[in-house]
Every structure is written in C-alpha cells, then in structure tokens.
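What follows is a set of notes on a single structure, which appears directly below.
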2 protein chains.
Amino acid sequence: MKESSAFLTTLAAIVGASNVLTDPALVAAYLVEPRGLFHGRALAVARPGSTAEVAAVVATCAKAGVAIVPQGGDTGLVGGQVPDASGQQLIVSLRRLNRIREVDVEAEAMIVEAGVTLAEAQAAATAVDRLFPLSLASEGSCTIGGNLSTNAGGVAVLAYGNARELALGVEVVLADGRIANLLSKLRKDNTGYDLKDLFIGAEGTLGIITAASLKLYPAPRARSTAFVGLADPERALALLRMARRRFGQAVTSFELMPRIGLEFVFAYAPGSRDPLAKPHPWYTLMELSSQDEAGLDEPLTALLGEALDQGTIADAALAATIQQRGAFWRLREDMSDAQKPQGGSIKHDVSVPLGAVPAFLSEASAAVAAFMPGARVVAFGHLGDGNIHFNVSQPPGADKQAYLEQWGAMNAVVHGVVARHSGSISAEHGIGALKRELLKQVKDPVALDVMRALKRALDPAGLLNPGKVL
Amino acid sequence: MKESSAFLTTLAAIVGASNVLTDPALVAAYLVEPRGLFHGRALAVARPGSTAEVAAVVATCAKAGVAIVPQGGDTGLVGGQVPDASGQQLIVSLRRLNRIREVDVEAEAMIVEAGVTLAEAQAAATAVDRLFPLSLASEGSCTIGGNLSTNAGGVAVLAYGNARELALGVEVVLADGRIANLLSKLRKDNTGYDLKDLFIGAEGTLGIITAASLKLYPAPRARSTAFVGLADPERALALLRMARRRFGQAVTSFELMPRIGLEFVFAYAPGSRDPLAKPHPWYTLMELSSQDEAGLDEPLTALLGEALDQGTIADAALAATIQQRGAFWRLREDMSDAQKPQGGSIKHDVSVPLGAVPAFLSEASAAVAAFMPGARVVAFGHLGDGNIHFNVSQPPGADKQAYLEQWGAMNAVVHGVVARHSGSISAEHGIGALKRELLKQVKDPVALDVMRALKRALDPAGLLNPGKVL
C-alpha cells in the first residue's frame with residue numbers, strides 16, 4: 001500500500017494530481033465497455049497531457065513493475081481497453097492528447113494526437129477541403145489512437161483501406177518509456193523495417209501510440225447513393241462486380257443488409273421507413289464518390305437499370321437529396337443498436353474471401369439453425385470487404401442470460417464455417433480479451449510464435465496491456 | 001573444406017545436384033548487380049524449387065552456421081542481393097519458385113511464388129481482365145519476392161500504393177527453417193500483429209518470402225496520357241493539385257522530368273523525339289485511368305486548357321494513339337539508361353513531403369553546383385509521391401573514376417538538403433549494402449534500436465542477409 005502510494009505520488013508529479021484518478025466514482029466510467037461483457041478494476045487512471053508525460057508515466061510503471069492498459073475513447077468491442085480484475089493495472093487514458101498538431105495541405109497529410117476523436121480528425125480535413133476517409137459508427141467518441149491500435153475498418157475500406165492504410169506514420173512510447181518518432185509525411189520511405197505497421201493493430205501491447213501522421217484525400221464533389229433490394233447475397237456480389245468494373249475505386253461503400261435487420265430498425269428507430277415499395281430478402285447500400293460536380297447519378301441509374309433487366313436486382317432507390325441519403329445510411333447505422341431490444345445478441349466480426357461470402361452466409365445460417373432453432377441471424381456489414389457482422393439474436397421469448405451463456409458454443413458453430421472458407425474470426429474489431437483464447441486455436445502456430453517473439457523483444461516485462469491479444 | 005563439402009552434399013540432396021552451383025562460370029552472374037557497384041564471392045548458389053526446399057536449405061544453413069543471401073531477379077539497386085567478399089555466404093536464388101499458384105477472380109486476389117517475374121504477375125492478372133498495378137522499369141526480370149522484400153515503388157504508386165499495399169499476405173521461411181503461412185485472400189483481418197508488413201521491405205534480413213497473395217484491381221477501360229511542358233516544379237505541383245482535385249484517384253501516374261534528362265534521352269535513344277514544339281525547362285507525364293470506355297480525354301483536355309490559360313503550364317500534348325502513349329512513356333523509361341553514355345552518375349533515391357519538392361530541387365541543385373561546378377543534375381521521378389531520383393552526372397570530360405570517388409561526399413551534400421525537409425534517403429530502392437552506414441546517421445536512434453531488437457528476435461544467429469539494412 002505504501003509502495004502503491006509512492007507510485008501514485010510519482011504519477012501525480014508527472015501529470016498533475018487532478019489527472020490521477022483513484023476515486024471509484026471517477027474511475028468507474030473507465031472500467032466498462034460498450035457491450036458490457038468486460039468489467040475490471042484498476043489501481044488508478046492516469047491522464048497524461050503530452051507525449052512526454054506518457055513517456056514519463058510508462059517509465060515510472062516500468063520501474064515499479066506496474067502493468068498498463070492504454071485507453072482511448074473506450075468504444076472497442078473486444079475488451080482491449082478494460083483492465084483485468086486484479087485492481088493492480090494502471091489505465092492510461094490518452095484522451096487529453098487531443099491536439100491537431102499540424103494540417104499540411106501541400107503534403108496531403110495531418111499530424112494529430114492519439115486522443116483526437118475520429119470526428120475531430122474528419123472535421124480538420126474538411127476544414128481544408130480534404131477528406132480523411134475513415135468512417136465508422138462510433139466516430140463521435142472513438143479516438144485516432146484507438147482507431148490505429150485496433151486497425152479500425154468501417155464503411156469506406158473498399159476504396160480507401162483500413163486505418164493502417166490511412167496512416168503515414170506514428171509516434172510511439174515504448175515499454176521502457178522511450179519515444180520512437182516514426183511520424184512522417186512521406187508517401188514513400190524504404191529506410192528499414194516497417195515499424196509503423198507493427199504498432200498499428202497491436203492493441204497497445206507493443207507500445208502506446210501517442211500521435212499519428214494521417215493521409216488527406218481530395219474531398220469528393222458529389223456522391224451517388226443507392227438503396228437496392230435483391231433476392232440473395234450472390235446477386236449482391238454480382239452487383240458489386242458490375243459496379244467495380246464500371247466505376248472502379250469510385251465505389252466507396254458497398255454494404256449488405258438482411259430484411260430482418262431492416263425490420264429490427266423499423267421497430268427500433270421512430271420515423272424510419274422502407275425506401276422500397278415491397279420487402280426484399282436482402283439489401284445493399286452502395287455509394288459512389290466523384291470528383292466531378294456532375295456526379296455519377298446518371299451512369300449509376302443506367303447500371304441499376306441494366307442490373308434490373310438482368311434480374312440481378314429487384315428494385316432500387318437513388319437518394320435524390322442529402323436528407324434521403326442520410327435516411328438510407330441511418331438504416332445501416334442503426335442496425336447494431338436495433339438488435340438490443342430484441343434480447344441477447346451473440347456477435348461475430350468475420351471475413352472471408354469476397355467470392356465466398358454467399359456460401360459462408362448460407363452455411364453459417366444453416367449451422368446456427370441446427371444448433372439453436374429459433375435463433376435469428378442478423379448478418380450485415382461491409383460486403384465489399386468480405387466482412388460480415390454475423391450477429392445472432394436470441395429466439396423470441398428466450399431467457400437472455402441463458403442465451404448469452406451459449407456465446408462460446410455459438411462462436412464455435414459460426415467460426416467453424418469461417419475456418420472452412422479460410423476466413424478471419426476478427427475482421428475489424430481486433431482480439432482484445434474477448435478473442436484471445438480463440439486466436440490460439442485459429443492462428444498459424446508459427447505465426448503465433450513470431451508474435452510471441454516480437455512481444456518478448458519489445459515488452460520483455462510484459463507490462464503493456466497484458467492479457468490482450470496474446 | 002571437408003565441412004563445406006558435406007554441407008554442399010546436403011544441399012544437393014535437398015535441391016538436386018544440378019541446382020547447387022559452384023562452378024565460377026555459373027556462379028558469376030549471381031555475384032554482380034545492375035550498377036556494378038557491388039561484387040562479392042559466394043560459397044555456392046542454391047536454387048530450391050519449392051517452399052519446402054527453401055525451408056530445408058535454410059534449416060541446413062542454420063545448423064551449419066552458414067549465412068544466406070536471398071536473390072530474386074537480381075535487379076536491386078542497393079546491393080541487397082549480392083554476397084560479401086568472404087566467399088562464405090550462400091546465395092539462395094528464388095527464381096525456380098515460379099508458379100502462379102492460384103488466380104481467384106472472385107476474391108480479387110492471386111497467389112504467386114517469389115520467383116514469378118513482375119511482368120508474369122501482371123500478365124496473369126491481364127489474362128482474367130484484371131490489373132496488378134505494380135509497374136517499374138525492370139518488370140521483365142525483377143521478381144515478386146524481390147519486389148516485396150524491397151517494397152518496390154514505380155509509376156503507379158500515386159493511385160495504388162507501394163508493393164506493400166498490393167500484398168494481402170506472404171509465405172515466409174524463417175531463420176530456423178520453419179514456414180510461416182501468412183498467405184491470405186482477406187481484405188480485412190485483425191487477428192494479431194501485422195507480420196506481413198514486417199517481412200515486406202526487410203530485404204531478406206528477417207525471413208525469406210517464398211510466395212505472396214496479391215490484390216487484383218478492375219482493369220481500366222481507357223487511359224489518357226499527357227506530356228506537358230512547364231516552367232518549374234512549383235507549376236508541376238500546381239498541376240498535380242488541379243488534377244487530383246478534379247480526378248482524384250483516377251490520376252494514376254504523375255512523373256516529373258527535366259529538360260536535360262530529355263536531351264540525354266534524345267542522344268541515347270534513336271528515333272526518340274520531343275512531343276512538344278519548343279523546349280521547356282521541365283516536363284510532366286501524367287496519366288489518368290478510367291473504368292469508362294469513353295475515357296477522360298475530354299475533361300483532361302479541358303483541365304490542361306485551364307492550366308494553360310492560368311499560366312500553370314506552357315504546352316501539352318495528349319496521346320492520340322497507343323503508339324504515341326508508348327513513345328511518351330519511353331522518354332520517361334529511358335531516362336535512367338540515357339545517363340550511362342554521359343559518364344559517371346551519382347544516384348540519390350530520395351523523397352520529401354509533396355509540397356517540399358520544389359524547394360528541395362532548387363536547394364539541392366544549388367548545393368551540388370557549389371560542391372562541384374559543372375556537375376549535371378538530372379532530377380526526375382515520381383512527383384506524385386514526392387519521390388525524386390536526384391541523379392548527378394559528371395561534368396563533361398571529367399574522369400569517371402575520380403568522379404565516382406566523390407559518391408559519399410556528393411551524397412552528403414544532397415542528403416543534407418533532404419534532411420532539412422524531413423525527407424527519406426531511400427524512397428523506393430531500400431538500404432541494402434549501399435546505404436547501411438547512411439541509415440545509422442539519419443534514422444531515429446530509438447527506431448534503429450527497435451529494428452535491432454526485431455532482428456535479434458527473428459534471426460538471433462544473424463544468418464539472414466547479414467550486412468544488409470542493419
């Protein structure tokens with residue numbers, strides 16, 4: 001206790017007493033995560049205000065042997081940002097590192113700190129008539145540090161890539177408290193190993209990202225958004241192929257939704273309505289972006305007409321106004337929250353090779369039906385990336401807790417089908433605490449060994465987010 | 001000698017006697033590189049025919065303590081593929097790993113072995129009406145394994161990224177002979193550390209890439225290519241900005257060339273001619289790609305007209321035929337070879353933040369003029385990526401050997417200017433043996449330490465391409 005008190009005093013000297021939280025009422029908000037699956041305890045929360053302070057905090061932890069759980073906007077879905085139950089881990093919140101250090105329009109880059117929210121980063125790009133394309137549901141509260149530590153995906157990966165592809169460089173505090181300056185505004189730099197990408201997606205287990213250099217893109221001048229009804233995922237994939245052939249990288253989003261998901265949204269979101277006259281088994285929300293102010297409504301209409309004639313699609317609506325586009329997107333964005341009133345939901349964030357999506361969907365749905373008759377599959381997501389959020393809502397009227405106790409068994413059913421298609425059990429959410437045991441089962445054992453060797457090399461004492469990933 | 005003989009016998013048992021070369025006449029071709037700067041000796045050349053054979057060769061070397069120099073098409077420009085002078089290193093040529101294992105159009109991916117040439121990989125994509133966008137001068141002989149090991153760049157990085165961004169996964173033989181299967185056809189996979197990118201660009205010092213999963217893109221239906229004359233690099237950058245704003249990612253190449261480079265090409269390549277009526281101080285070769293068969297000639301013509309009116313450009317020619325496009329591109333592609341008849345050339349493969357290119361060019365040219373009056377700067381390259389091949393031809397009539405002895409001193413002059421602009425001393429060619437000492441001077445010392453820790457973790461005995469990179 002005395003030791004612990006000395007440790008906290010040292011932290012207070014670094015970050016200021018008001019930025020070392022120990023009051024349970026203040027700490028509580030840092031101990032939970034959006035899905036309520038993980039709940040830990042913490043020695044304290046440290047809130048450094050600069051990279052130098054992060055470095056000093058980490059060095060202090062290294063000396064004291066205190067484990068660190070880095071935390072950004074606390075929106076992660078796999079428990080990576082939550083401490084364990086020991087009460088001996090220090091949460092290091094990066095939220096006070098919230099400066100946009102530099103927006104360099106000429107270099108098409110900006111340097112932002114880890115605690116800047118994604119929405120703030122997007123706004124900084126918009127302010128100079130540029131686009132920072134990363135876009136996901138929690139963008140109002142998730143932070144750039146978390147986005148990079150988890151290699152976030154979202155709705156624009158098809159054209160722009162994952163968070164990893166949007167970063168030119170990072171600044172990282174290492175396990176011993178040293179600062180590695182890998183910030184760069186260069187588009188090409190082949191001077192040595194790709195350290196940036198080692199820290200991106202490592203979920204804070206190899207170092208703490210404190211800032212990043214991010215790519216800026218030309219801001220699109222027009223968007224064309226279509227809400228399409230169709231018979232099955234095969235046809236959705238055929239439409240994607242037609243669109244990619246005709247529009248290439250201008251296809252910036254291509255989302256898949258099932259009828260049941262739409263019905264959940266209608267029940268959940270007042271004022272939501274079906275854009276199409278009749279119900280269809282499946283839907284895609286596709287968006288094209290153009291640098292031409294004339295936009296692509298006309299050729300998109302032609303393409304949809306052709307798809308209709310061929311029987312690829314059954315119906316389609318093109319957004320005529322910004323309001324209509326917003327309404328289309330809200331149907332997609334509300335699909336996660338709309339599952340909550342339907343009782344327990346067991347989640348799977350999976351990917352398979354693009355062409356295997358239809359087979360995966362039918363096989364996994366059949367496997368779930370066999371495993372638990374009445375369970376309702378709500379499979380939606382980023383078809384263009386082969387990434388499906390294969391969520392399973394409980395049978396109507398079932399006991400929620402008893403249902404959720406089937407989490408692991410249901411996972412095994414679904415992930416078995418994923419494995420048959422050489423897919424991934426975590427397409428965009430990461431491993432965290434939730435999928436750590438799963439990882440050992442599915443990952444190439446040699447690759448796992450390499451991961452362990454890297455962890456030992458960069459964090460020999462195992463103090464950076466222990467119990468996560470590995 | 002006896003030990004060495006037993007070692008070679010073991011190798012022969014693995015790859016076949018005819019694939020262990022020791023005859024100096026046969027080995028000679030593996031000991032030199034395109035620029036003739038490096039020339040080593042080798043214990044032998046082993047030519048495995050499969051990943052399993054590579055693994056067995058590496059395991060044999062690990063046991064015997066023999067260092068390995070992996071080699072692909074032997075086109076690298078920094079000596080990374082050449083053994084040292086000891087005669088104790090084994091060259092492992094990957095060229096016999098030349099199978100295209102799979103082209104999966106539905107997954108928009110193909111899996112090819114390390115020894116497949118870039119041109120063969122491009123052709124495999126073309127055969128299924130897709131594009132593999134990596135494109136560079138040596139594509140007829142360079143191999144995918146080398147492209148990835150050096151994270152090659154080329155003329156389409158602006159729209160598609162470096163070699164790294166074009167790979168979905170790799171298969172790697174580790175230092176102990178184990179095979180890490182990181183092949184994947186997934187667009188999204190957040191299951192653990194990004195091992196793929198650690199091996200890509202590591203120049204064979206952390207493992208040997210034996211195969212790769214590569215992205216396929218929709219094949220463009222039309223290209224529009226313009227050869228533009230202008231007064232200075234500032235204006236070239238302004239034109240790039242106009243083009244990116246108007247055409248976004250459809251701008252697939254944007255190359256910069258100086259008048260002197262064009263004159264060197266005229267002198268070197270019979271039949272080459274100036275596409276423009278009058279000489280201009282600088283030129284850009286810009287190319288747009290479109291999925292629309294109608295192409296972008298019309299809006300490009302409009303953009304160039306606007307740029308002419310504004311005084312951004314002085315003249316422009318649009319390629320009207322495929323032959324004309326080819327002629328434009330040959331002017332750019334011949335620019336390296338055209339320097340050879342002009343005597344010694346000291347090379348710099350540098351990058352700076354995009355907006356800093358004009359300042360870099362004028363400052364570096366002034367510094368060279370001050371250092372060596374009469375030396376002729378031929379600065380050309382990938383303006384869209386901020387990557388300039390800042391080559392300096394000897395003063396006319398100077399002694400070539402004496403000139404080349406100034407390599408290090410000239411480097412110091414140019415790299416000093418690069419450093420002032422936070423640039424890179426190796427934008428796309430890598431470190432190899434050529435820039436190993438330079439790297440120590442310019443790299444963040446903490447980053448260098450991390451690199452060393454990774455090397456120790458993955459190749460503790462230091463047998464993978466020793467003396468390269470680190």
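Reckoned from all heavy atoms, side chains included, excluding hydrogens, waters and symmetry mates. Sequence lines set the chain letters: A, B, ... in the order given, protein chains first and strands last, and positions in each chain run from 1.
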**Message:** side chain to side chain contact (heavy atoms under 4.5 Å, CB included), that's the test. Do A:Glu106 and B:Arg241 meet it? Break it down for me.
**Reply:** CA-CA 9 Å; A:Glu106 302 234 318; B:Arg241 261 184 234 118; 3.2 Å; yes
Engaged part of [X] at the chain A interface, taking heavy atoms whose separation is under 4.5 Å:
{"X": "B:Glu428", "answer": "both"}
{"X": "B:Ile431", "answer": "both"}
{"X": "B:Asp444", "answer": "side chain"}
{"X": "B:Asn387", "answer": "side chain"}

Are any of the side-chain heavy atoms of [X] and [Y] separated by less than 4.5 Å?
{"X": "A:Leu454", "Y": "B:Leu454", "result": "yes"}
{"X": "A:Asp129", "Y": "B:Arg245", "result": "yes"}
{"X": "A:Arg187", "Y": "B:Leu354", "result": "no"}
{"X": "B:Lys188", "Y": "A:His382", "result": "yes"}
{"X": "A:Tyr193", "Y": "B:Met451", "result": "yes"}
{"X": "A:Val446", "Y": "B:Ile179", "result": "no"}
{"X": "B:Val450", "Y": "A:Leu174", "result": "yes"}
{"X": "B:Pro218", "Y": "A:Arg244", "result": "yes"}

**Message:** Keeping A:Asn190 on the side-chain end and B:Asn151 on the backbone end, is there a donor-acceptor pair under 3.5 Å?
**Reply:** yes
**Check: A:Asp292 side chain, B:Phe247 main-chain N or O, donor-acceptor pair, under 3.5 Å** = no
Measuring from [X]:[atom1] to [Y]:[atom2], what's the distance to the nearest 0.5 Å?
{"X": "B:Leu198", "Y": "A:Asp194", "atom1": "CG", "atom2": "CG", "answer": "7.5 Å"}
{"X": "A:Arg246", "Y": "B:Ser290", "atom1": "CZ", "atom2": "OG", "answer": "7.0 Å"}
{"X": "A:Leu439", "Y": "B:Thr191", "atom1": "CG", "atom2": "OG1", "answer": "6.0 Å"}

Heavy-atom pair count under 4.5 Å with chain B, highest-scoring of [options]:
{"options": "A:His429, A:Arg456, A:Gln291", "result": "A:Gln291"}
{"options": "A:Ser351, A:Ala219, A:Gly384", "result": "A:Ser351"}
{"options": "A:Gly386, A:Ala107, A:Ser426, A:Gly355", "result": "A:Ser426"}
{"options": "A:Leu438, A:Thr205, A:Leu448, A:Asp104", "result": "A:Thr205"}
{"options": "A:Leu206, A:Leu458, A:Val157", "result": "A:Leu206"}
{"options": "A:Leu237, A:Leu195, A:Leu158", "result": "A:Leu195"}

At their closest point, which heavy atom of [X] faces which heavy atom of [Y], and how far apart are they?
{"X": "B:Ala447", "Y": "A:Leu182", "value": "CB-CD2, 3.7 Å"}
{"X": "A:Leu186", "Y": "B:Pro353", "value": "CD2-N, 3.4 Å"}
{"X": "B:Ala457", "Y": "A:Ala453", "value": "CB-O, 3.9 Å"}

**Request:** Pick one of side chain, backbone, both or neither for A:Ile425, based on which atoms fall under 4.5 Å of a heavy atom in chain B.
**Result:**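 Backbone plus side chain of A:Ile425, per the 4.5 Å heavy-atom cut-off to chain B.
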**Request:** Could you tell me which portion of A:Val357 (side chain, backbone, both or neither) has an atom closer than 4.5 angstrom to a non-hydrogen atom of chain B?
**Result:** neither
**Item:** Pairs meeting criterion salt bridge (Lys or Arg N to Asp or Glu O under 4.0 Å) with involvement of residues 445-455 of chain A, two or more places apart
**Value:** A:Asp449-A:Arg452, A:Asp449-B:Arg178, A:Lys455-A:Asp459
Name the member of [options] that forms the most heavy-atom pairs with chain A at distances under 4.5 Å.
{"options": "B:Arg221, B:Lys185, B:Glu203", "value": "B:Arg221"}
{"options": "B:Ala427, B:Pro220, B:Ser289", "value": "B:Ala427"}
{"options": "B:Ala250, B:Gly192, B:Ser422", "value": "B:Gly192"}

**Item:** Part of residues 159-173 of chain A lying next to chain B, heavy-atom separation under 4.5 Å
**Value:**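 Only A:Asn162, A:Arg164 of residues 159-173 of chain A have a heavy atom under 4.5 Å from chain B.
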